[in-house]
Peer 1: 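My structure is below; once you've seen it, I'll send some questions.
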Amino acid sequence: MCGITGWISFDRDLGTETAALDAMTGTMACRGPDDSGTWAQGPAALGHRRLAVIDLPGGRQPMTVDTPHGTVALVYSGEAYNFTELRRELSGRGHRFTTDSDTEVVLHGYLEWGDRIAERLNGMYAFAVWDSRSDRLVMVRDRMGIKPFYYSVTPDGVLFGSEPKAILANPLARARVTLDGLRELFTMVKTPGHAVWDGMAEVEPGTVVTVDRSGPHRRVYWELETRPHTDDRDTTIGTVRSLLDDIVRRQLIADVPRCTLLSGGLDSSAMTALAARQLGEHGEKVRSFAVDFVGQADSFVADELRGTPDTPFVHDVARSSATEHQDIVLDSQALADPEVRAKVIRARDLPAGFGDMDASLYLLFKAIREQSTVALSGESADEVFGGYLQFFDEEARRGGTFPWLVQFSRHFGQDSEVLRPELVQALDLPGYVADGYRTAVGGIARLDTESDFEYRMRRMSHLHLSRFVRVLLDRKDRASMAVGLEVRVPFCDHRLVEYVYNTPWALKSFDGREKSLLREATADVLPKSVYDRVKSPYPSTQDPKYAAALQDQAKELLTRPGHAVFDLVGRDRLHRLAHREALVNGQAERRGLERTLDLAQWLDMYQPEIRLT
């Protein structure tokens with residue numbers, strides 16, 4: 001796992017631009033703490049920061065191959081879980097390898113198949129190939145968008161990087177956000193290709209972007225397709241289990257210490273239990289880690305979102321699967337620390353506004369990184385198998401909007417409530433969401449035999465897999481790579497996603513509960529308590545000291561009336577939140593404070609040009 005960056009300028013020789021390339025590469029140091037490398041030749045300059053996971057001595061980058069017609073150079077971030085099979089096939093075609101790394105396999109795969117190598121990969125990846133034989137850059141991103149990838153077209157080429165900060169480090173880039181960027185920032189609809197920063201775009205998941213002298217060209221090599229599902233229940237359950245066994249086995253491969261993220265929910269428990277069984281066959285134990293908060297196990301109060309605390313279920317799984325387990329227990333002082341918030345914002349390049357859930361994720365990963373380099377996560381199972389509350393909410397099913405927004409506004413209010421009224425009017429966020437929803441559902445194919453209800457549920461599934469999951473994947477990647485931890489997501493294997501997506505909702509919820517297929521496919525390795533547990537979201541602190549700390553920070557911000565945040569946020573609204581006596585934890589008021597403090601810190605750190613007209 002690594003950070004990549006680069007600059008293509010068809011009108012100049014970039015061999016003299018070492019300072020700019022070094023600055024771009026340096027921004028990726030957290031993603032790759034083990035090594036750094038740059039390469040420049042003619043119009044191309046590539047930078048790489050490495051987190052060594054496979055073939056520690058042999059996977060240095062940028063990696064190049066000299067051919068009779070020119071040099072081909074690669075910078076690569078991610079893991080190809082089928083690289084051993086591809087290596088064997090390429091060896092049979094005459095390719096010779098000097099390392100054991102998957103990076104070299106991807107490079108030789110490009111030499112053999114061109115950008116069609118994308119269709120052959122199983123994994124999470126973002127990579128760029130400079131092909132001097134044809135003077136073109138080829139950028140490829142994995143099918144589900146697990147690894148981030150951004151680019152910005154310049155007058156004579158392109159800038160690219162794993163994160164926006166790499167692009168913004170180049171003197172050609174401008175840190176600017178327009179009304180359209182603010183719309184994306186405050187709606188959580190994850191428009192494909194949108195990067196919030198003006199002039200910047202994402203390489204979309206499942207897409208190849210080729211840049212030559214005529215500009216960028218886009219090719220989609222994978223997307224969710226509607227297909228008939230003919231397997232019965234038992235066959236479907238068996239297929240899911242077979243896929244999971246293969247996926248976990250592939251994703252446990254590493255030359256560094258591994259672990260699992262364990263929440264005590266169905267997803268992470270099933271993944272941990274399967275990993276424990278497979279490693280147990282070789283006499284190994286799984287390391288598992290969970291996040292908890294000081295005093296929460298004893299004083300937990302159930303609410304509409306979270307009916308049970310995680311810790312008892314975490315410990316049941318740890319005992320059942322005989323893991324080497326550790327709870328990472330955090331206090332409110334750490335969660336509310338402005339320095340932690342700054343690190344989260346720096347990791348994301350944006351004020352995401354998830355508050356203590358972002359802070360706890362970052363602190364969890366930081367603690368894990370002291371003992372492991374690779375972690376397996378249960379992320380994305382809710383999107384794949386249908387685990388969220390909105391899948392069972394009639395208003396969300398029929399709402400004519402992104403279904404998670406129905407639940408979100410019900411529990412947390414509208415993010416726009418913190419903004420100045422005139423800005424809210426200029427943004428027209430409801431119109432932006434409505435337009436985005438129409439576009440998102442417009443291309444979802446329907447089977448001739450599909451009932452109206454089944455098609456509604458297909459659309460919900462598609463929206464979660466093509467939009468919502470990308471919010472969470474980006475969050476997890478940025479928080480983990482900010483501390484040099486590689487997080488793998490077995491439930492994002494495209495084979496599993498394709499199979500379960502086309503499974504009818506009647507099968508996905510055959511027992512009237514969420515994630516029926518996953519529960520039955522892994523029932524033999526789960527403790528009964530977890531098998532019976534109702535879905536609970538990622539935990540959030542209930543300590544009133546956290547909310548009080550936010551209020552204190554908001555009061556301090558109010559003493560600076562000239563701060564740029566008040567061009568966006570209503571000062572009177574913030575004053576009411578900061579001085580409210582009974583601030584309710586976990587609801588709209590607390591999120592309003594978190595959102596505002598994030599915005600203020602982001603403006604201080606990045607000093608972006610905000611264009612409100």
Peer 1: For a side-chain contact (heavy atoms from CB on, under 4.5 Å) with Trp7, tell me which candidate from Leu14, Leu46, Ile167 qualifies.
Peer 2: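 Of the listed options, the one satisfying the test is Leu14.
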
Peer 1: Scan for salt bridge (charged side-chain N to carboxylate O under 4.0 Å, His left out) pairs involving residues 106-123, sequence neighbours excluded, and state none if there are none.
Peer 2: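 For residues 106-123, and leaving out neighbouring residues, the salt bridge (charged side-chain N to carboxylate O under 4.0 Å, His left out) pairs sorted by first residue read Glu89-Arg120, Arg93-Glu112, Asp115-Arg219, Arg116-Glu119, Glu119-Arg219.
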
Peer 1: Got a sec, which residues hit side chain to side chain donor-acceptor pair (under 3.5 Å) with Trp113, two or more places apart in sequence or on another chain?
Peer 2: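 Not a single residue meets the side chain to side chain donor-acceptor pair (under 3.5 Å) criterion with Trp113.
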
Peer 1: Pick out which of Arg488, Lys147, Arg348 makes a salt bridge (charged side-chain N to carboxylate O under 4.0 Å, His left out) with Asp477.
Peer 2: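 Testing Asp477 for a salt bridge (charged side-chain N to carboxylate O under 4.0 Å, His left out) against Arg488, Lys147, Arg348 leaves exactly one candidate, Lys147.
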
Peer 1: Look at Asp349 together with Lys165 and state whether they make a salt bridge at an N to O cut-off of under 4.0 Å.
Peer 2: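 Answer for the salt bridge query: yes.
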
Peer 1: Return the set of residues passing side chain to side chain donor-acceptor pair (under 3.5 Å) with Glu379 (not counting sequence neighbours), or none when no residue passes.
Peer 2: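 Per chain and number, Glu379 pairs via side chain to side chain donor-acceptor pair (under 3.5 Å) with Lys476.
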
Peer 1: Quick one: side chain to side chain donor-acceptor pair (under 3.5 Å) partners of Asp34, sequence neighbours excluded?
Peer 2: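 Side chain to side chain donor-acceptor pair (under 3.5 Å) list for Asp34, sorted by chain: empty.
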
Peer 1: Give the ring-plane orientation class for Phe127 versus Tyr76, where under 30° counts as parallel, over 60° as perpendicular and anything between as tilted.
Peer 2: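 Ring orientation of Phe127 relative to Tyr76: tilted.
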
Peer 1: Applying salt bridge (charged side-chain N to carboxylate O under 4.0 Å, His left out), name anything that partners Asp35, two or more places apart in sequence or on another chain.
Peer 2: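 Per chain and number, Asp35 pairs via salt bridge (charged side-chain N to carboxylate O under 4.0 Å, His left out) with Arg60.
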
Peer 1: Once you measure the plane-to-plane angle for His95 and His108, does it fall in the parallel (<30°), tilted (30-60°) or perpendicular (>60°) bin?
Peer 2: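 Perpendicular.
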
Peer 1: Considering residues at least two apart in sequence or located in another chain, which fulfil the salt bridge (charged side-chain N to carboxylate O under 4.0 Å, His left out) criterion with Lys366?
Peer 2: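 Expected list: none.
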
Peer 1: So, for Ala175 and Tyr606, which heavy atoms are closest and what is the spacing to 0.1 Å?
Peer 2: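 Result for this residue pair: CB-O, 4.4 Å.
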
Peer 1: Sequence neighbours excluded, which residues qualify as salt bridge (charged side-chain N to carboxylate O under 4.0 Å, His left out) partners of Lys190?
Peer 2: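 So Lys190 forms a salt bridge (charged side-chain N to carboxylate O under 4.0 Å, His left out) with Glu202.
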
Peer 1: Counting only N and O atoms by type, is there a donor-acceptor contact under 3.5 Å from the side chain of Arg467 to the main-chain atoms of Val189?
Peer 2: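 At least one qualifying donor-acceptor pair exists.
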
Peer 1: Do Ser461 and Arg458 meet the criterion of a side-chain donor-acceptor pair at a distance under 3.5 Å?
Peer 2: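 No, no side-chain donor-acceptor pair sits under 3.5 Å.
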
Peer 1: Using modelled atom types only, decide if a donor and an acceptor are shared between the side chain of Asn502 and the backbone of Glu225 within a distance under 3.5 Å.
Peer 2: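 Checked: pair present.
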
Peer 1: Using a 3.5 Å cut-off and no angle test, enumerate the donor-acceptor pairs between side-chain atoms of residues 19-28 and protein atoms at least two apart in sequence or in another chain.
Peer 2:
residue : atom : partner : partner atom : Å
Thr25   : OG1  : Leu21   : O            : 2.8
Thr27   : OG1  : Met24   : O            : 2.7

Peer 1: Can you run down the salt bridge (charged side-chain N to carboxylate O under 4.0 Å, His left out) pairs that involve residues 149-162, sequence neighbours left out, and say none if there aren't any?
Peer 2: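 Sorted result for residues 149-162: empty, none.
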
Peer 1: With no hydrogens and no angle check, just 3.5 Å: does a side-chain donor-acceptor pair link Arg475 and Tyr538?
Peer 2: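 No, because no side-chain N or O of Arg475 sits under 3.5 Å from a partner of the opposite role on Tyr538.
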
Peer 1: For the pair Arg611 and Asp198, find out whether any cationic side-chain nitrogen is under 4.0 Å from an anionic carboxylate oxygen.
Peer 2: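 Result for this pair is no, no salt bridge flagged.
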
Peer 1: Checking Arg143 side chain against Trp222 main chain: does a donor-acceptor pair fall under 3.5 Å?
Peer 2: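 Not confirmed, Arg143 side chain does not pair with Trp222 backbone.
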
Peer 1: Are Arg241 and Asp245 within salt-bridge range, i.e. N to O under 4.0 Å?
Peer 2: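 Here Arg241 pairs with Asp245 in a salt bridge, since their nearest N and O are under 4.0 Å apart.
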
Peer 1: Could you tell me if Glu383 and His464 have a donor-acceptor pair between their side chains, going purely by distance under 3.5 Å?
Peer 2: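 Side-chain D/A pair, His464 to Glu383: absent.
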
Peer 1: Using a strict threshold of under 4.0 Å (side-chain N to carboxylate O), is an ion pair present between Arg218 and Glu204?
Peer 2: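 Answer for the salt bridge query: yes.
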
Peer 1: Is it possible for you to check whether Arg87 lies under 6.0 Å from the centre of the six-membered ring of Phe97, through NZ or CZ, and within 45° of that ring's axis?
Peer 2: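 Verdict for Phe97: a cation-pi partner in Arg87.
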
Peer 1: Where the side chain of Arg50 meets the backbone of Gly32, is there a donor-acceptor pair that is under 3.5 Å apart?
Peer 2: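 Answer holds: no.
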
Peer 1: With sequence neighbours left out, write down each residue that passes salt bridge (charged side-chain N to carboxylate O under 4.0 Å, His left out) with Arg250, or none if nothing qualifies.
Peer 2: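 Partners of Arg250 under the salt bridge (charged side-chain N to carboxylate O under 4.0 Å, His left out) test: Glu85, Asp246.
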
Peer 1: For Glu486 and Thr373, test the side chains for any donor-to-acceptor distance below 3.5 angstrom and give the result as yes or no.
Peer 2: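 Result is no, nothing qualifies.
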
Peer 1: Does Thr207 have any side chain to side chain donor-acceptor pair (under 3.5 Å) partners at least two apart in sequence or in another chain, and if so, which?
Peer 2: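 Partners of Thr207 by the side chain to side chain donor-acceptor pair (under 3.5 Å) criterion come out as none, since no residue qualifies.
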
Peer 1: Give a yes or no answer on whether the side chain of Trp404 reaches the backbone of Met188 with a donor-acceptor pair at less than 3.5 Å.
Peer 2: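 Checking the backbone N and O of Met188 against the side chain of Trp404, a donor-acceptor pair under 3.5 Å is found.
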
Peer 1: Under 3.5 Å, is there a donor on one side chain and an acceptor on the other for Asp212 and Ser214?
Peer 2: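 Note: Asp212 and Ser214 side chains meet the donor-acceptor criterion.
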
Peer 1: List in chain and number order the residues that pass side-chain contact (heavy atoms from CB on, under 4.5 Å) with Asn122, two or more places apart in sequence or in another chain; answer none if no residue qualifies.
Peer 2: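 Per chain and number, Asn122 pairs via side-chain contact (heavy atoms from CB on, under 4.5 Å) with Tyr81, Asn82, Asp493, His494, Arg495.
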
Peer 1: For Arg49 and Gly3, indicate whether the former's side chain and the latter's backbone hold a donor-acceptor pair under 3.5 Å.
Peer 2: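 Such a contact is absent between Arg49 side chain and Gly3 backbone.
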
Peer 1: What orientation do Phe402 and Tyr437 show, parallel under 30°, tilted 30 to 60°, or perpendicular over 60°?
Peer 2: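 Because their plane-to-plane angle is over 60°, the rings of Phe402 and Tyr437 count as perpendicular.
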
Peer 1: Determine the minimum heavy-atom distance between Ala118 and Val208, stating which atoms define it.
Peer 2: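 That would be CB-CG2, 4.2 Å.
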
Peer 1: Short question: side chain of Thr226, backbone of Arg446 - any donor-acceptor pair under 3.5 Å?
Peer 2: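 No, the answer is negative, given that no donor and acceptor are paired below the 3.5 Å cut-off.
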
Peer 1: Does the Ser132 side chain pair with the main chain of Asp135, one donor and one acceptor, at a distance under 3.5 Å?
Peer 2: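 Side chain of Ser132 to backbone of Asp135, a donor-acceptor pair under 3.5 Å: no, none is there.
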
Peer 1: Donor-acceptor pair, Asp598 side chain versus Pro351 backbone, under 3.5 Å?
Peer 2: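 A pair under 3.5 Å: no.
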
Peer 1: Is there a donor-acceptor pair closer than 3.5 Å between any side-chain N or O of Ser268 and the backbone N or O of Leu262?
Peer 2: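 No.
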
